[in-house]
Amino acid sequence: MNQTSDDQLAEESWALLGTIGAGGRAAISRRGVITPESGAWSLDWWVGAEDRWHVASGGAHVRQSLVEATPVVLSGLRLPGGEIEQRAWSAVDGTTGLPVLVVDFHNATKIPVAVAIALSGSSSASSAIDVVDGVVVVDGDGVALFSRQPSRYGIAADGRSAQEVTVEGDAVPEFPEGGVSSTSGSVTVGFVFPLPHTATLRVVLPMRRVAGPSELARIDVSTLPPHDRVVAGWKAQLARAPRFDFPERQIETEEAIDAARSHMLVHAANDDPLRWPGTLVDGVERSELIMALDEQGLSAEAERLLLAATDLQDADGSLGDSRLDATASWVVAVERHVALTANDVFAEVLVERVASAVHWLSKRQRVGRLRPARSFFGVGEGPDWLAGEDRRAYDARWTARAYSSAVLLLDAVGQSDAAQAVRLHHASLTEEMERRSIAADGPGDGARLADAVGQLRSDLLEGEPLWTWSSATDAHDPARTAAFLRNVRSIVVNDHGPTIDLLPSFGEDWLGQPIAVHRLPTVGGSLSFALRWHGARPALLWEVEGDRTFTLTCSAIDSSWSTSEQRGEVLLAAPIIDHVHTHLDHDLNHDHDHPQRAVDPLAESGGSFS
């Protein structure tokens, strides 16, 4: 495998910035270079220090992180004696209602510096930059407002670029009348500001197209919410989500989970979740995002996306996508939402649409022993990385999942005859899959990963520092964000059915380690539980809020235990992992002069989960 340098990764990686519901998004690169979704402009930054000029996009050392796991990005450009800190976040201006990007540059060094905000137009055939009423205008659109006026302007001249003019000390004190333009592509201007020790410069940029300077000029940059208030707002949004405390790189895992939740809310801010730049996700990716939102306690956003997807449903019941998994996964996502929220009213609203979708799936199935082999799910329309026969198997598995989900949903709303008809379709499909030697497990089956903890470890290494995951089509891939969160949840609970199995991924590495989960939506209700150790035996405390029936198990630790009680505590059998638990028992109970006390996990956990 080819090795990729850190510099290459920095150039290729970026994270999304946006708001919940206000529209507009921007990408910030690993060097703090910012581009809106329209691609109409970009912002780079150059810093003149005692030693030389440091160009963020040109290889300067930039440290980057999220502020408290929210979409507020801190980029620190290293200088002798400290850093210039760039903080970037999205907000809504109270005067204009305009979604904007706020970018603060703070001098955390011990010396005064110069900061050049380099704004470039798009790479179209021609481009122009002007300053009108204090607003930077690019190709006729207002794109930037500064908290104070620049002292100098770095403009290309005499065959030198704007950057070369700036770093060589030749920036001019007046912006040219009529602006700066180019007929051969993008144009760049460096807006230069002195930045004394501890001083801060603010730049405000619109996150949607603003014709002319007038609307941007109405914004008072000093009244926009500061980054700490925005962080508090994001944390209030995430307070709805469950909390996981388990041993796997605990601090990094907690940060990654919260960051992924924030990112997912940005991905799902529109009724149609988008890739970058402004490309719709496909049908199955939309359904995976919906299920991830529901499983993370963000059910309002999940419900909005489910309802929006009905606008895509054609008269034949399909979800307006050539691939079968778009329709099948939507049916699964609807049932999953109802199961996790116990929202029977929502089920009633969508049950006819679900029935229509299942009818379309049954026609696509085309089961029959006398039909030619190619009639079984046609040629298969699954993902490109599967071969033709594997695509048929993939479509069959998704259809089986949709049938199972539809039966549960139809039974829940009292449509027993319709549920029975779907059971017959399911039985017919199962028989045909067996006849064709199509395994029930494989791509499309929805099963949890065999090595879910291993995947988590890999994701943690790959996702740092902004907790984004890339694909061949998207450097901040919403499908991978959803997959990360769904995998994390699968580590602590498996509840695809009436049984809620706790810690299905429990293994040797977690022996003797405390584990806790709080307010996790499950098919039985809101679940909290904690695992504490008494020698080689774990004590389990649990509480399930709700009035639904369920069976609780912990098969990876003690396969003999189960309960249907809503709350309680139990001392489980010592997990049998060959050579391990005998040594653990000895290590944790080596002092025979102090007999083991009675188990009271409730007291150890503070008395209650509520």
Side-chain angles (χ1 to χ4, degrees), residues 15-28 32 34 63-76 83 85-106 108 145 147 198 200-207 219-245 250-270 292-293 296-302 304 463-468 476 481 484-485 488 518-521 526 610:
L16 280 180
L17 297 171
T19 60
I20 299 176
R25 302 189 302 173
I28 182 166
I34 298 171
R63 172 188 62 84
Q64 205 166 47
S65 63
L66 299 178
V67 179
E68 297 188 47
T70 67
V72 177
V73 179
L74 169 63
S75 305
E83 290 184 335
E85 297 174 341
Q86 178 208 66
R87 287 179 176 84
W89 67 93
S90 301
V92 178
D93 174 54
T95 301
T96 64
L98 189 68
V100 296
L101 193 67
V102 184
V103 188
D104 279 358
F105 295 88
H106 176 72
L145 182 66
S147 57
T198 73
T200 299
L201 169 71
R202 173 166 291 182
V203 187
V204 178
L205 309 110
M207 298 187 70
I219 295 176
D220 182 350
V221 299
S222 66
T223 63
L224 289 166
H227 78 272
D228 54 351
R229 193 191 308 168
V230 173
V231 167
W234 278 104
K235 293 181 79 66
Q237 288 286 341
L238 298 181
R240 298 174 286 161
R243 193 174 85 239
F244 304 132
D245 298 325
Q250 185 169 354
I251 295 175
E252 294 94 334
T253 302
E254 291 176 5
E255 181 181 339
I257 291 170
D258 276 345
R261 289 166 176 160
S262 297
H263 291 323
M264 192 164 58
L265 288 173
V266 174
H267 286 307
N270 300 306
L293 286 164
Q296 296 299 320
L298 306 172
S299 58
E301 289 79 5
R304 173 174 52 80
E464 293 180 293
L466 300 184
W467 306 115
T468 63
H476 186 177
T481 301
F484 169 77
L485 288 170
V488 167
H518 303 266
R519 305 185 316 278
L520 178 68
S526 178
S610 57

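Note that the numbering runs from 1 along the sequence shown for the chain.
Glu301 has its side chain within reach of Arg304: a pair of non-hydrogen atoms, C-beta onward, lies under 4.5 Å apart. Contact of the Pro242 side chain with the Gln296 side chain is registered, since non-hydrogen atoms from C-beta on lie closer than 4.5 Å. Side-chain contact between Val73 and Gln64 is present, with at least one heavy-atom pair separated by less than 4.5 Å. The closest side-chain heavy-atom distance from Glu85 to Thr200 is not below 4.5 Å. Put simply, the side chain of Trp467 does not reach to within 4.5 Å of the side chain of Ile257, judged on heavy atoms. When side chains are defined from C-beta on, Ser222 does not count as touching Ser147, because their heavy atoms never get closer than 4.5 Å.
For the atom pair Leu17 CG and Leu205 CG, the distance stands at 11.0 Å (nearest 0.5 Å). Interatomic distance, CG of Leu520 versus CZ of Phe244, reported as 5.0 Å (0.5 Å rounding). For the atom pair Asp93 CG and Ile219 CD1, the distance stands at 4.0 Å (nearest 0.5 Å). The line from CD of Glu464 to OG of Ser65 is 11.5 Å long, rounded to the nearest 0.5 Å. Note: Arg202 CZ to Phe105 CZ = 12.0 Å, rounded to the nearest 0.5 Å. Summarising the geometry, atom CE belonging to Met264 is positioned 5.0 Å from atom CG belonging to Leu485; distances are rounded to the nearest 0.5 Å.
Heavy atoms only, all atoms of each residue included: Ser262 and Ala69 are closest at OG-O, 3.4 Å. Minimum interatomic distance between Pro71 and Val266 (heavy atoms only, all atoms of both residues): CG-CG2, 4.2 Å. Between Leu101 and Ala26, the shortest heavy-atom contact is CD2-CB, 4.1 Å. Among all heavy-atom pairs drawn from Ala260 and Thr481, the shortest one is O-CG2, 3.4 Å. In this structure, Glu255 and Pro465 approach most closely via the heavy-atom pair OE2-O, 4.3 Å.
Here the rule is side chain to side chain contact (heavy atoms under 4.5 Å, CB included) with Leu66, and of Val72, Leu74, Leu466, Asp258 only Leu466 fits it.
Residues meeting the ring-ring contact (aromatic ring centres under 6.0 Å, His included) test with His267, sequence neighbours left out: His476. Applying the ring-ring contact (aromatic ring centres under 6.0 Å, His included) rule to His106 yields no partners; only residues at least two apart in sequence or on another chain are considered. Residues forming a side chain to side chain contact (heavy atoms under 4.5 Å, CB included) with Ala27 (at least two apart in sequence, or on another chain): Trp14, Trp276. Checked against side chain to side chain contact (heavy atoms under 4.5 Å, CB included), Ala268 has the following partners two or more places apart in sequence or in another chain: Leu293, Leu305. By the side chain to side chain contact (heavy atoms under 4.5 Å, CB included) test, Asp228 is found to be paired with Pro226, residues two or more places apart in sequence or in another chain being considered.
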Under 3.5 Å donor-acceptor pairs involving side-chain atoms of residues 229-239, not counting sequence neighbours:
residue: Gln237; atom: OE1; partner: Arg240; partner atom: NH2; Å: 2.9

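Looking only at distances, a side-chain donor or acceptor of Ser90 sits under 3.5 Å from a matching main-chain atom of Gly18. Checking side-chain atoms of Arg25 against main-chain N and O of Met207 turns up no donor-acceptor pair under 3.5 Å.
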